[in-house]
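In what follows, a structure is listed as structure tokens, so that the remarks can point back to it.
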Amino acid sequence: MPSFDIVSEVDKHQLTNAVDQVNRTVANRFDFKGVDAQVEMNGFDLTVRAEADIQVTQMVDMLRAALIKCSIDPLAMTVGEPEQSGKQIKVAVTLKNGLEKELSKKIVKLIKEEKLKVQASIQGEQVRVTGKKRDDLQQVIAMLKGKELDQPLQFTNFRD
């Protein structure tokens, strides 16, 4: 039976490229000369730090643009509140990797509401959709692409 998986993943290598790109841009920009500003990466958690609030905002925008260039959907990015620590202002940025239980349940509910002849099951941090016809699976993909979910989705492991 044909099936596919619905996942939400961030490519770690591309994320590293985006962070490096932002750090290089900050090092070369005139308005950041002599400023201790940097994006630090720890897994899928990033810390944007600079000396002024506007600089942090600019760096978050640069990070968003770099993610887009590296084929990472900026919907995966969650930006925290700015925190003052000494001379520095820090902002925590988290990238969502994997589907949360609530979103998985919402996806399964949306698929069942369409009344297509497919079955959706939650398997850890992904949702597997199976059906008898390939066309039904493609309708599910088209329907989910049309919905506004708060996290980017990828459709992987398509099998006939």
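Computation of the quantities below employed the complete heavy-atom set of this structure, encompassing side-chain atoms and omitting hydrogens, waters and symmetry-equivalent molecules. Along the sequence shown, the residues carry numbers beginning at 1.
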In the structure I gave you, are the side-chain heavy atoms of [X] and [Y] within less than 4.5 Å of one another anywhere?
X	Y	value
Leu67	Leu15	yes
Pro2	Arg159	no
Thr47	Gln38	no
Asp5	Val127	no
Arg128	Asn157	yes
Asp53	Pro82	yes

With rounding to the nearest 0.5 angstrom, report the [atom1] to [atom2] distance, [X] to [Y].
X	Y	atom1	atom2	result
Ile89	Gln55	CD1	CD	8.5 Å
Asp73	Leu153	CG	CG	9.0 Å
Leu99	Glu125	CG	CD	7.5 Å
Glu9	Ile72	CD	CD1	12.0 Å
Glu114	Met143	CD	CE	4.5 Å
Ile111	Ile107	CD1	CD1	7.0 Å

Is it the case that over 12 heavy atoms from other parts of the model lie below 6.0 angstrom from the [atom1] atom of [X]?
X	atom1	result
Lys33	NZ	yes
Ile54	CD1	no
Glu113	CD	yes

| request: Would you sort out whether Lys132 and Lys117 count as a side-chain contact (heavy atoms from CB on, under 4.5 Å), showing the intermediate values? | output: CA-CA 7 Å; Lys132 289 186 179 179; Lys117 295 181 179 178; over 6 Å; no
| query | Is the backbone of Gly86 close enough, under 3.5 Å, to the side chain of Gln84 for a donor and an acceptor to pair up by distance? | reply | yes
| field | Donor-acceptor under 3.5 Å (Ser8 side chain, Pro152 main chain) | value | yes
Linking I/L/V/M/F/W/Y whenever their side-chain heavy atoms sit closer than 4.5 Å, directly or via other members, would [X] and [Y] fall into one cluster?
X	Y	value
Leu75	Phe155	no
Leu149	Ile141	yes
Leu95	Val39	yes
Val10	Leu46	yes
Met59	Ile68	no

Please report the shortest heavy-atom distance between [X] and [Y], naming the atom on each side.
X	Y	answer
Thr130	Ser3	CG2-CB, 3.3 Å
Phe4	Val140	CZ-CG1, 3.9 Å
Cys70	Ala18	SG-N, 3.9 Å

| task | Before giving the answer on side-chain contact (heavy atoms from CB on, under 4.5 Å), spell out for Met62 and Val26 the whole-Å C-alpha distance, their side-chain angles and the decisive distance to 0.1 Å. | result | CA-CA 9 Å; Met62 282 189 263; Val26 167; 3.8 Å; yes
| field | Lys133 with Asp136: basic N within carboxylate O range, under 4.0 Å | value | no
| field | Carboxylate-amine/guanidinium contact Asp36 Lys87, below 4.0 Å | value | no
Going by the side chain to side chain donor-acceptor pair (under 3.5 Å) test, which pairs reach into [range], not counting sequence neighbours?
range	answer
residues 139-150	none
residues 91-107	none
residues 11-30	Arg29-Asp31

| Going through the checks in order, is the side-chain contact (heavy atoms from CB on, under 4.5 Å) test met by Val108 and Ile122? | CA-CA 8 Å; Val108 170; Ile122 299 171; 3.9 Å; yes
| said: Could you go through Val91 and Glu81, starting from their C-alpha distance and side-chain angles, then the distance that decides it, and tell me whether this counts as side-chain contact (heavy atoms from CB on, under 4.5 Å)? | reply: CA-CA 6 Å; Val91 174; Glu81 292 296 316; over 6 Å; no
